[in-house]
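Here's the structure, in structure tokens; my notes come after.
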Amino acid sequence: MKFIVENSDSDSKARAGRLFTDHGEIETPIFMPVGTQGTVKAVNQTQLKKDIDAPIILGNTYHLYLRPGTDILEQAGGLHKFINWDRAILTDSGGYQVFSLSELRKLKHDGVEFTSHLDGSKHFFTPEKVINIQRSIGSDIMMVLDECTPYPCEYDYAKKSKELTSRWAALNKEAFVNSKPLYGHDQFQFGIIQGSVYKDLREQSAKELVELDLDGYAIGGLAVGEPAEDMYDITGFTTEFMPLDKPRYLMGVGRPENILESIERGVDMFDCVMPTRNARNAYLFTSQGVLTVKNSRYKNDFTPVDKECDCFTCKNYSKAYLRHLYNAKELLYFELATIHNLRFYLNLVREARKNIIFGNFKEWKTNIIQKISNKIVQED
RNA sequence: GGGCAGGCGCCAAAGUAGGAGAGUUGGGGCGGACUGUAAAUCCGUUGGCUAAGCCUUAGGGGGUUCGAUUCCCUCCCUGCCCA
């Protein structure tokens, strides 16, 4: 995989890079909208391109495997064709479902057994199987199977889990080498560094994965309930052991301020359900702070969600209208709110990139975080 | 005009063969949470006050009773049926 670091910030580890895939270039730092089931909830692919301008989105191996299933995906010619998306796709392996569906799975030495949340059927995921499914999906970036540990996590468990993840990663690599893309475009594979909040485990995990010479490396198992300071600390510590010339992906993160702090610590890629899920739950991000648009104080506020925002929603509609749509349970609400939040996230990382290139990332970051992380209480 | 069935908190209802209590369930309102999505979900709250207590409340008024949302009388209102 070709990845070039174009510019590094002088007084932090922040970098501006460019990632090349057969489905387009991705300027980093980047935020990748989550589209678990082959759709970023509430918005369509044209909106993702035109209104949000996302160069890459996520899909999920576990969910797509259960439904529609690999046979349908293969008949469709892969996920890109199936969902009519010609930009990049990264698929998570199902490792997060090991965590989030913990009551429905059993961890084994060689894989994980899931009880489908859809119909109760049993399925067994191994590193090899996860690669094969992702071959059927045809994602540009495939993630290795891992265990995303919960928080808090005992040291001994974190150690065992990290060992499991490293062992699986080697098997992933083997399956990767022994298989081929199905649809004529290249696919790459990222490893996932685990180790909970324990630095020695993080270091070992990073080294073990780097040894496998994968196309990129992710930091997993963070943003699962630990204090933000721990997340920053572990992130900054872990990137020290990640190759400079490969993309670094912090999985599942996060709030806008989390992303900026992690960019400072050397991370290039992010994903999170927060902008999409929170949009659906009336929580909107703006340049002046966060707001809950369902609150009664907005019932006659006919100004845009964010005066400084250039998104379709802010250019055309008011907070009062969004609040009305939300309260009336109108479907247009989800679309407008999701467009706004995703545009905000993508604009934020684009701005971060500019400021890294300008060389004043840290100063910009400090100022912007102060503005965007407060809760708007007064009318602005 | 007559008969029958009803009127319970913002709304719609449940319940009470008289007995704990501003009191059940939905909805609505209000507030909060959400971090590699089992999430258009979940949680809290929703009479008043001089608030670990007190006051006022089940269509209005009156009665029986130690005690009434529940029983009786009367008036008002709603729905259905008959003239």
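Just so it is clear: chains get the letters A, B, ... in the order the sequence lines come, proteins before strands, and each one is counted from 1. In what follows, every heavy atom counts, from backbone to side chain, and hydrogens, waters and symmetry copies are set aside. All values reported here derive from a predicted model rather than from experimental measurement.
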Closest to the S100(A) side chain, choosing from U35(B), U37(B), A38(B): A38(B)
Between N295(A) and G32(B), is there a side-chain N or O to OP1/OP2 distance below 4.0 Å? yes
Tell me whether the side-chain N/O atoms of N60(A) come closer than 4.0 Å to OP1 or OP2 in U37(B). yes
Against the side chain of T36(A), the closest entry in U35(B), U37(B), C30(B) is U37(B)
How close or far is atom P of G36(B) from atom CD of E226(A), stated in whole angstroms? 12 Å
Whichever of R280(A) and Q194(A) has the more 5' nearest nucleotide on RNA chain B, that residue is Q194(A)
Do E351(A) and K354(A) meet the salt-bridge criterion of a basic N to acidic O distance under 4.0 Å? yes
Suppose you measure atom P in C80(B) against the same atom in G27(B); what distance do you get, rounded to whole Å? 29 Å
Name the residue closer to the 5' end of RNA chain B, choosing between E147(A) and Q37(A) according to the nucleotide with the nearest heavy atom. E147(A)
How many Å lie between NZ on K294(A) and P on A40(B), as a whole number? 14 Å
Under 4.0 Å between a side-chain N/O of K375(A) and OP1 or OP2 of G32(B), yes or no? yes
Under 4.0 Å between any heavy atoms, over every strand shown, what does L90(A) touch: base, sugar-phosphate, or nothing? Just pick one. nothing
Picking from T91(A), T70(A), N172(A), what satisfies side chain to side chain donor-acceptor pair (under 3.5 Å) with Q134(A)? T91(A)
Polar pair under 3.5 Å, donor/acceptor by atom type, side chain D146(A), base G36(B): yes
Quick one, H80(A) and I89(A) - any side-chain contact, counting heavy atoms below 4.5 Å? yes
For N341(A) and Y283(A), indicate whether the former's side chain and the latter's backbone hold a donor-acceptor pair under 3.5 Å. yes
Please report the distance separating the P of C8(B) from the corresponding atom of G63(B), rounded so that it comes out in whole Å. 24 Å
So do D146(A) and Q194(A) actually touch side chain to side chain, heavy atoms under 4.5 Å? yes
Any donor-acceptor pair under 3.5 Å from K371(A) side chain to Q288(A) backbone: no
It should be established whether K329(A) places a side-chain nitrogen or oxygen under 4.0 Å from OP1 or OP2 of nucleotide G28(B). yes
If a pair means Watson-Crick or G-U wobble with both distances below 3.5 Å, what does RNA chain B look like in dot-bracket form, with | marking bases paired to a different strand? (((((((..((((.....[....))))((((((.......))))))(((...)))...(((((..]....)))))))))))).
Need one value for L250(A): base, sugar-phosphate or nothing, where a base atom within 4.0 Å counts as base even if backbone is also close, heavy atoms only. nothing
Can you tell me, in whole Å, how much space there is between the C1' of G62(B) and that of C76(B)? 15 Å
Reckon Q97(A) has a side-chain N or O less than 4.0 Å from the OP1 or OP2 of A38(B)? yes
Taking only side-chain N and O atoms of S296(A), does any of them lie within less than 4.0 angstrom of OP1 or OP2 on G31(B)? yes
Kindly say whether A279(A) contributes a backbone atom to a donor-acceptor pair with the side chain of Y333(A) at under 3.5 angstrom? yes
Compute both the distance and the angle, then confirm whether K2(A) meets the cation-pi test with F20(A): under 6.0 Å from the six-membered ring centre, within 45 degrees of the axis. yes
